[in-house]
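This report concerns only the one structure given below.
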There are 2 protein chains.
Amino acid sequence: MELHEAKDKFIQAWGAFGSQWGINRSMAQVHALLLVSPEPLSTEDVMEQLNISRGNANMNLRALIDWHLVDRILKAGERREFFQAEKDVWKVATHITRERKKRELEPMVRFLGELKQTSGTNAETKAFKQMAADLHDLTGRIDAVLERSTRSDVQWFLKAASTLLR
Amino acid sequence: MELHEAKDKFIQAWGAFGSQWGINRSMAQVHALLLVSPEPLSTEDVMEQLNISRGNANMNLRALIDWHLVDRILKAGERREFFQAEKDVWKVATHITRERKKRELEPMVRFLGELKQTSGTNAETKAFKQMAADLHDLTGRIDAVLERSTRSDVQWFLKAASTLLR
DNA sequence: TTGAACTTCCAAAATATACTGAAAGTATAA
DNA sequence: TTATACTTTCAGTATATTTTGGAAGTTCAA
């Protein structure tokens, strides 16, 4: 497979993969494009290479910066900004994990905790509270594992875990 | 909080949470409804309680059965089918994890493996192949951890992991 | 202070996704 | 075999999300 073809397929695949996980296709594609570009790209470059509008490119670049997946680069003598993806995939995974954990998982854990205080003592209420408690426990454990696995040394964790459990 | 209110909030929250992770809102809500219902429900019950159409209820119930999250129940003397959610949240988590791993993660790991064979030896190609290799390694490790953690004894794994890493 | 080069915003349009409801299909009992 | 009770399908509709492109905003050099 040629480099150009491989990059292209990667951008498509990353976009499709992202959208299965609730990340919009363009954002994932912009990210993929920057991942495979050796040099930082300008907004214009992104627009051209992905055939998307200025507004769309801008919005997704900002979102990626917000997620710490992309850095703004200023070149001497150039007014416009360039964008460069973080290439260390472990760092990328860590940032994505921590952000989604904070934005989505933690609020759910909190909510499930509140449900455990539902009033009532009849069988149906008890069953509901048990379900909420189990789910709270489960999500709490997942949260804890993710917290640990992204704290300081991701690589060590995944290596250790996959070895330990062999 | 009253039982009825708590159930309702749970259904809404589960729907919203699901859609953040690429699962459609109705499917997540049907699942939540069945999770909080002590008795199996009929298609009609689901339609009424969630205010959705017959087609929608049917489609999502089938999808949930397909994901092994819901069982069809036949009651003696009743012609219609009833539906009951698997209430063991560890089992639920295991099924969801394994299904998504199989449908989404594994194909991506395979694809990244293929990218490593991109032809070319110049700096840009090398950098690309390195990136693909890193991503392949990362997703492969995640895959391995998920495989282990859902194999036979989930509870043991998460307990062990969260203790080990304290 | 102006104008050029660039970024950001946002209402409207396009697209993708989900939902509806009626009709067709299927199984069972009489 | 027919009527009935239920399930499934699917074309059309509705809703939600994403994208566009022009206008407004910003920055900076002259």
**Study point:** Partner set under ring pair (Phe, Tyr, Trp, His ring centres under 6.0 Å) for B:F10, not counting sequence neighbours
**Key:** B:W14
Review point. Which part of the nucleic acid, if any, lies within contact of B:M59, taking any heavy atom under 4.0 Å across all strands shown: a base, the sugar-phosphate backbone alone, or nothing?
Key: nothing
Practice item. Check whether any side-chain N or O of A:N58 sits under 4.0 Å from OP1 or OP2 of C:dC6, and answer yes or no. Key: no
Exercise for review: Quick one: label A:N56 by what it contacts on the DNA or RNA (base, sugar-phosphate, nothing), any heavy atom closer than 4.0 Å.
Suggested key: base
Review point. Within this structure, what is the CG-to-P distance between B:L74 and C:dT28, rounded to whole angstrom?
Key: 10 Å
Practice item. Quick one: label A:R79 by what it contacts on the DNA or RNA (base, sugar-phosphate, nothing), any heavy atom closer than 4.0 Å. Key: base
Practice item. Assess B:R141 against A:W90: is NZ or CZ under 6.0 Å from the centre of the six-membered ring, and within 45 degrees of the ring's axis? Key: no
Review point. Within the structure, does a side-chain N or O atom of B:S26 lie under 4.0 Å from either OP1 or OP2 of C:dC19?
Key: yes
Review point. Would you call A:E124 and B:K7 a salt bridge, using N to O less than 4.0 angstrom?
Key: yes
Check your understanding: Tell me: CG of A:N60 to C1' of C:dC9, nearest whole Å?
Key -> 14 Å
**Study point:** A:R72 vs A:R25, nearer the 5' end of DNA chain C by closest nucleotide
**Key:** A:R72
**Study point:** Distance in angstrom units between A:M27 CE and D:dT18 C1', rounded
**Key:** 14 Å
Exercise for review: In whole angstrom, give the distance that lies between atom CG of B:N51 and atom C1' of C:dA18.
Suggested key: 16 Å
Review point. Looking at C:dC19, D:dT8, D:dA29, which one has an atom nearest to any side-chain atom of B:R62?
Key: D:dT8
Practice item. Send over the distance from B:N24 CG to C:dA16 P, rounded to a whole Å. Key: 18 Å
Practice item. Considering only NZ, NE, NH1 and NH2 on the basic side and carboxylate oxygens on the acidic side, decide whether B:E147 and B:R151 come within less than 4.0 Å. Key: yes
Check your understanding: Side-chain donor or acceptor of A:R54 under 3.5 Å from a matching atom on the base of D:dT20?
Key -> no
Check your understanding: Of all the nucleotides listed (D:dT8, D:dT18, C:dT7), which has the minimum atom distance to the side chain of A:E81?
Key -> C:dT7
Study note, to complete from the structure: Testing D:dT9, C:dT20, C:dT8 for proximity to the side chain of B:S53, the answer is C:dT20
Exercise for review: Flag yes if B:M47 and B:M59 sit in one hydrophobic cluster, no otherwise; membership is Ile, Leu, Val, Met, Phe, Trp, Tyr, and two members link when side-chain heavy atoms are under 4.5 Å apart.
Suggested key: no
